[in-house]
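Everything below concerns the one structure shown next.
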Amino acid sequence: MRFSVKHEAGIAGIILLATAVLTIAVPDAPSQAVNSNSAFITVIALLIIFFGALLYLHPKKAQATADIFLIIAVVMFLWEFLLGKLALLDPFIFPGPARVFRVFEIDWQQMLAGVVSSLEILSVGYVIALVTAIPIGLYIGWKKRLFGAAYPIAKAVSPIPPTVYLPYAIVLLPTFAASSTFLIFIGAFWPVLVGSVYGVFSIDPRLINSARILSLPESRMIQRILFPAAMPSIFSGALIALIMSFITLTVAEMIAATSGLGWYIQYHHQFANYDRVIAGMILIMVVVVAVMYLFDRIQAYSLRWQNTQ
Amino acid sequence: MRFSVKHEAGIAGIILLATAVLTIAVPDAPSQAVNSNSAFITVIALLIIFFGALLYLHPKKAQATADIFLIIAVVMFLWEFLLGKLALLDPFIFPGPARVFRVFEIDWQQMLAGVVSSLEILSVGYVIALVTAIPIGLYIGWKKRLFGAAYPIAKAVSPIPPTVYLPYAIVLLPTFAASSTFLIFIGAFWPVLVGSVYGVFSIDPRLINSARILSLPESRMIQRILFPAAMPSIFSGALIALIMSFITLTVAEMIAATSGLGWYIQYHHQFANYDRVIAGMILIMVVVVAVMYLFDRIQAYSLRWQNTQ
Amino acid sequence: MATIDLQNISMIYGVNGTRHVALESVNLKIRDGEFVSLLGPSGCGKSTLIDIVAGLKTPEHGTVLIDDEPVTGPGPDRGVVFQDYSLFPWMTAFENICFAIEHTNGNLTRKEIEERTEAYLDLVGLRAYRNSYPNTLSGGMRQRVSIVRMFSMNPKVFLMDEPFGALDSLNRIYMQDTLLHLWSGGEEHKTVLFVTHDVDEALQLSDRIAVMTPSPGRIKEVIDVPFPRPRCRKTLSASTEYSTLKSHLLSVLYCEMLNEIERQEKGLKGLA
Amino acid sequence: MATIDLQNISMIYGVNGTRHVALESVNLKIRDGEFVSLLGPSGCGKSTLIDIVAGLKTPEHGTVLIDDEPVTGPGPDRGVVFQDYSLFPWMTAFENICFAIEHTNGNLTRKEIEERTEAYLDLVGLRAYRNSYPNTLSGGMRQRVSIVRMFSMNPKVFLMDEPFGALDSLNRIYMQDTLLHLWSGGEEHKTVLFVTHDVDEALQLSDRIAVMTPSPGRIKEVIDVPFPRPRCRKTLSASTEYSTLKSHLLSVLYCEMLNEIERQEKGLKGLA
Amino acid sequence: PGTPATVPDSPGATATPLQSEKPLKIGYLPSTGHALVFIANEQRYFDEQGLDVELFQFQNSAEGSTAIIAKKIDAGGFGPSPLVYAAKGSPVTIIGGLMAEGSGVIALPEKADQLRDLKSFAGKTVATVRMSSGDIHFRGALQDAGLNLQKDVTIQELSSPSAVLDAVKAGKVDAGVAWTPYMEMAQSQGLSVIEYTSEYYPKHPCCRMATLTENLETDRDTYVRMEKALIQAYRYSKTNPDGAVDDILRYVTIDRGVLKTSLENPHTSISPDPNLHGVVQTYDLLKSIGYIETSVRIQDHVDSSVYKQALDELTAENPNDPVYQQLLEDYRAMNE
Ligand SMILES: Nc1ncnc2c1ncn2[C@@H]1O[C@H](COP(=O)(O)OP(=O)(O)OP(=O)(O)O)[C@@H](O)[C@H]1O
Ligand SMILES: Nc1ncnc2c1ncn2[C@@H]1O[C@H](COP(=O)(O)OP(=O)(O)OP(=O)(O)O)[C@@H](O)[C@H]1O
Ligand SMILES: [Mg+2]
Ligand SMILES: [Mg+2]
């Protein structure tokens, strides 16, 4: 028997409610106890409201929404039950949800400031990476000679870990902010470059021929043919680059930062405040989901010519 | 006027020789002086021999070889001249080539051991990532429902920096080596996953239709249609994953390692032995070039059906 | 054994908010073992109809019944030759056919599969190209591989979308004969739905011809082709009955299109 | 003004170590403003030859001279309609044509370009599909866009590889007329190299017909088509001169192929 | 609670008027070891000294030291790394201290008892954070006890003290080396302290305040004033420990109780003294355990006189202050 979407959504809702009831009714394990569970309850309430709103606003995507929220609900429930109530794993590194979500209540100002400052260096570094890596990648992929020489060198240089760049970035760049941005840039650069090069490589040679008979100047060839044709692959590289930039944040924000998503995690990691580390991870996830939503919209629009029906 | 390949190769050779002469004839800047320049001279000699051998063995690739060695030669020359002889930049963080290459003479045993131990955790982690991420990615890309639910969650989880996994890896996995391998795995996982999903997405729908009329069972569909069709994109993801694994090495080898490429860099970075840090970087590059060579061969064979002209 | 019953099929494509009616209330019953051709102007929805019968697209309204069972997806009982003859580019000609046999004739040994594949390649004279990847085949070769790939699936229904468009005339005649042979030669007659632009081809091959109107595609008229089989190309095309049928067919086919063409011709003048 | 001179062209494809001779010593001189058709069996190297003249492939031996200048690469003086009519999938029908005009007729304003594009779309009756992406067009529609894209480049040489294969008969006749009009209508005659499988089409359109042998492709015979222009389809095909020429052409074309086909037919028996 | 600049109980020499404050960039790590910097900043001692201090947080010593060399910051106290940089011939000079001792060895309670004696570490596995003060002094102690660091013990290097705690708790190693406040955290998580490194090397230095040597030549007065502010901070920490805890908590996010115990821990001492003798001892240890190999004399890279001058000026202003008197005494013991 297969459940309908409605059933599934109902189950997800019930599990969320059950989690809330469990949180209120059953006392936390002593090692996981916090002053107040209200933050966690609020989060669950918000999840339920958000869930309902999504179902209502995007009835076409009800299936995916129900699936996702079912997963979230199960995770929340198990987390609260196994860790919050039973404390099955070391309570120190595996804090329960009540402890984690309480952090948002306490640190929200700092977190908000962190999101803003991280997004700043993130967006600057990422955009510079896109703007440089895409044309370079397309050009390398297109010019066989350049490909033969530059690509092996690029591949040899690419696996240098960002920590190695750190001292050089500090010495050579004027400000600490510039150094951080540079690290984001370098982390995002390679995936976009590789995506662009592969994109050019997998273009149907018949399309290339179609373009060649127009004897386009090189710049037009790159802009109007290689770029759109390589677009799917570029997007794949850009997505990985986005993931990379978030990962690099922790390294980039080691330099003279006092706020930021990566800093927050790194900082509290150092003090073994695992509830805050996990709260920071959740915060990153929320930011990532928002950024990805934007990313997906841009991608869907740019690739609207692909896979129609 | 355009130079012929022969001219170019000649110039590259001359610059390399000039570098050697410069090294021997002109004394190092006091801050860059080392007991003996012989390691650097040996490296240049090896480069020249290697260059000649490549030209001779692969005459078809002479152009690319000449280009690459020209670049290497110029870099070597400028490095020796500007940093080794003139010490234009802080000699402490910007050591000259003689100091850097001397490290190979001193540390070669340790380096060799490091290469072996790094390749071990690298290959295990990387292969596990491939073996898991490709089928999962293909399946997610294929099943629209799974895509709607699993992919957003995957994207939300992906930007968690490997350092955050560290404590959990230490606590949950049986050995330190397993923890290191896990970090490599997780770093390589996402690019391959994203590459596979995008690969499925960019398959020409007409090919999918061709396959659908055969009513293949799902497993065959994935193995025989989605996998080969998505292959170019998977390779692009796998290349980025390879780069990522090398980058993650520095984090992975922070756990109880006593040798390794990443460890070597990290260790000497901490002691501010920048000559060794750079030597470690060069070692990573050499290893990467070798690994990439293998990778390229596998790729060329796997994609032999593509772009045949 | 297979009958095809198209019941009131409509198809609407929605692109960027606009709606384009590709097919409107198409009704057609094809008997078991019948050879029916679809004729119609470019863009009238022939390929769409083939896709719907194949189960690759779901119509907006209406149902397709194969042997009185509604179609819900593709199945090995229906083989398709696509208009753009998509072969799998990562498989050689040989592997493309092997793969199709393997997945539709479950109980053959590897050896039998390969023997059959060889036989099919021989059939279209491409034995020498068995190890060539599709990218390295000429247009006509790819089309021939694609046709025998469909034959090799040994389906009950042949759905063929302009299968002979890229062939030279001799190969075309040969492939027509081969098709007729495979259609009627085995233990059971296949049921064929055949899209073509060539009126002569339709007359030579079909039991009935369905003529479609330009978009939105509807079936305007279904014409019986009463010539006895086996048919002889030469005597048939010389007969007056043939000429009458052909001019009737052309007049049905062109009556609506001529206006359209007239309009286009104005464009030609506008260009000068 | 454009003459094409193929001097001793050979083409060898090397795939995985094997060498396949696709063209062997092809010699052909096409005069300025001449309309020459290439006829030959599938796989004989027609598309390869078109690619070589277009400058997209470099022959193993021999040279192509356009107006006595050797071809070293593609150029806007030669327009190509490819056998698989590759349009840019990320551009709408309108943008595909615009793009071609923009890059070959440098000195037009945006507005003029768009007007011309509209005119060309009208010419093939696809105004309603101006904003459609190629993926959403039918096979015949894509082919028509691809043809007018080539026209819109306004090149001196038309290289056309089975350009009308996917068109219904009426559109085909109309496009043939349009081609003839554009070929001879402007201030200067275009030079046309035209690949087709349709013997009638070749006879209706061409000044001369080059017949090729099966692989390795060579030019077997070049036949003059002496009918005066403008030609009337109906009267022409009824004339005895036409029938004689056609049967001569067919006999030249088929003499070598028949053996091949006979061999293939054995395969058919082998299959049963 | 925000601590506005109250009337200072030790009126500083406000020779420089406030409007021409001298800008000074100080780097720090978010660690209790840098308590003096935090207190001086919160209690506005820097302002009193006419310094316009800007603080830069780093996550590890290597980056901070690089920033000093690159002149992106003027001074900073980054663990033992100034010693290493000096050993490389880098032109840095240690002018003061921030924290001393404070490290220790921890283990699961059941294992702790068997490891009281240094010799009993033979054949055991110990987790450390390479190049931390505790790591250096523990290795030194093992070596002094006659163990061969390469053969007799397995030392697993991890990236952070919290990773050491995790590894010890998970039983992956027999013991681990950490420092305050992780020592207290470890205890609160049920681990036992085997020994503090101060038992091996009493008063051994930890974080040292360093700057580029050329800065001292051109601008010595600024650094004297900085040291004065740090000494004042020290005084504050002694006279008002609760206020100090509040100040520190603005820079490090740990449990208040844990912080308080760690500050009261007799095996930890906050101290602005450069401790020349201790530095020399640590430097020799660095060499003997094989961390550095150098011919540089560390004495050339320590300038205790800056601190001395600062202390003298403060004592002159407050001749009877017992804290300053005590510091003077300590100074003589540790530097002369
Ligand atoms: N890229 C390629 N690599 C290897 N062989 C090729 C390639 N392209 C074409 N060939 C071979 O060259 C020969 C001629 O091909 P071509 O496409 O020119 O034939 P054609 O005359 O256009 O045939 P058709 O009428 O079927 O389109 C064929 O045998 C084909 O297999
Ligand atoms: N994926 C699609 N999205 C939107 N419209 C489509 C799509 N596929 C086809 N169409 C439209 O549907 C109509 C019918 O297309 P179809 O391909 O079925 O025509 P056809 O009869 O096969 O023409 P042809 O003889 O040219 O191949 C056309 O107007 C076309 O533009
Ligand atoms: Mg069609
Ligand atoms: Mg062809």
Side-chain angles (χ1 to χ4, degrees), chain A residues 61 63-64 67-68 71 90 93 145 148-149 152-153 155-164 167-168 171 190-191 194-195 197-199 201-202 205 232-233 235-237 239-240 242-251 262 265-266 269 272 274 277 281 284-286 288-289 292 306-307 309, chain B residues 61 63-64 67-68 71 89-90 93 145 148-149 152-153 155-164 166-168 171 190-191 194-195 198-199 201-202 205 232-233 235-237 239-240 242-251 262 265-266 269 274 277 281 284-286 288-289 292 306-307 309:
Chain A
K61 294 193 176 163
Q63 179 72 68
D67 287 346
I68 292 178
I71 296 173
D90 185 332
I93 358 186
R145 173 159 178 203
I153 291 184
K155 284 198 289 191
V157 174
S158 60
I160 295 174
T163 39
V164 173
Y168 299 96
V171 172
W190 303 115
V194 170
V197 171
Y198 268 83
F201 275 19
S202 46
S233 175
F235 268 105
S236 144
L239 175 59
I240 300 171
L242 196 61
I243 296 175
M244 278 294 290
S245 333
F246 274 94
I247 291 180
T248 323
L249 260 189
T250 39
V251 179
I265 287 181
Q266 188 73 18
H269 188 220
Y274 288 105
V277 170
M281 266 165 53
I284 282 204
M285 286 187 198
V286 171
V288 163
V289 166
M292 292 284 178
Q306 222 195 10
N307 293 357
Q309 146 79 197
Chain B
K61 294 193 177 164
Q63 178 71 68
D67 287 345
I68 291 178
I71 295 174
L89 291 168
D90 187 333
I93 352 191
R145 174 160 175 201
I153 291 184
K155 284 199 288 192
V157 174
S158 60
I160 295 174
T163 38
V164 172
L166 260 176
Y168 300 97
V171 171
W190 303 114
V194 170
Y198 268 83
F201 274 20
S202 46
S233 175
F235 267 106
S236 145
L239 174 60
I240 300 172
L242 195 62
I243 295 175
M244 277 294 290
S245 331
F246 275 93
I247 291 180
T248 324
L249 259 190
T250 37
V251 179
I265 288 182
Q266 190 73 19
H269 186 214
Y274 285 103
V277 170
M281 265 166 55
I284 281 203
M285 286 188 200
V286 172
V288 162
V289 166
M292 292 283 178
Q306 222 195 11
N307 294 356
Q309 132 74 142

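All chains are named by letter (A, B, ...) in the order of the sequence lines, taking the proteins before the strands, and each is independently numbered beginning at 1.
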[options]: which one forms the most heavy-atom pairs within less than 4.5 Å of chain B?
| options | value |
| --- | --- |
| A/Ala149, A/Ala64, A/Pro152, A/Ser233 | A/Ala149 |
| A/His269, A/Lys155, A/Met244, A/Lys61 | A/Lys155 |
| A/Pro191, A/Pro232, A/Pro162 | A/Pro191 |

For chain A, find which of [options] contributes the most heavy-atom pairs closer than 4.5 angstrom.
| options | value |
| --- | --- |
| B/Gly199, B/Ser236, B/Gly148 | B/Ser236 |
| B/Val251, B/Thr248, B/Thr163 | B/Thr163 |
| B/Ile71, B/Asp90, B/Val194 | B/Val194 |

Check whether any side-chain heavy atom of B/Val164 lies under 4.5 Å from a side-chain heavy atom of B/Pro161, and answer yes or no.
-> yes
Please lay out, stage by stage, how A/Gln266 and A/Leu249 fare under the test side-chain contact (heavy atoms from CB on, under 4.5 Å).
-> CA-CA 10 Å; A/Gln266 188 73 18; A/Leu249 260 189; over 6 Å; no
Interchain contact, B/Leu239 with chain A, by part (heavy-atom threshold 4.5 Å) | side chain
Counting only heavy atoms closer than 4.5 Å, note whether B/Thr250 contacts chain A via side chain, backbone, both or neither.
-> side chain
Determine the minimum heavy-atom distance between [X] and [Y], stating which atoms define it.
| X | Y | result |
| --- | --- | --- |
| B/Ile243 | A/Ser158 | CD1-OG, 3.3 Å |
| A/Val289 | B/Ala156 | CG2-CB, 3.7 Å |
| A/Val288 | B/Pro159 | CG2-CG, 3.3 Å |
| A/Ile265 | A/Val277 | O-CG2, 4.0 Å |

Please flag which part of [X] lies under 4.5 Å from any non-hydrogen atom of chain B: side chain, backbone, both or neither.
| X | value |
| --- | --- |
| A/Ile93 | both |
| A/Phe246 | both |
| A/Ile153 | side chain |

State which residues pass salt bridge (Lys or Arg N to Asp or Glu O under 4.0 Å) with B/Asp67; sequence neighbours excluded, sorted by chain then number.
-> A/Arg145
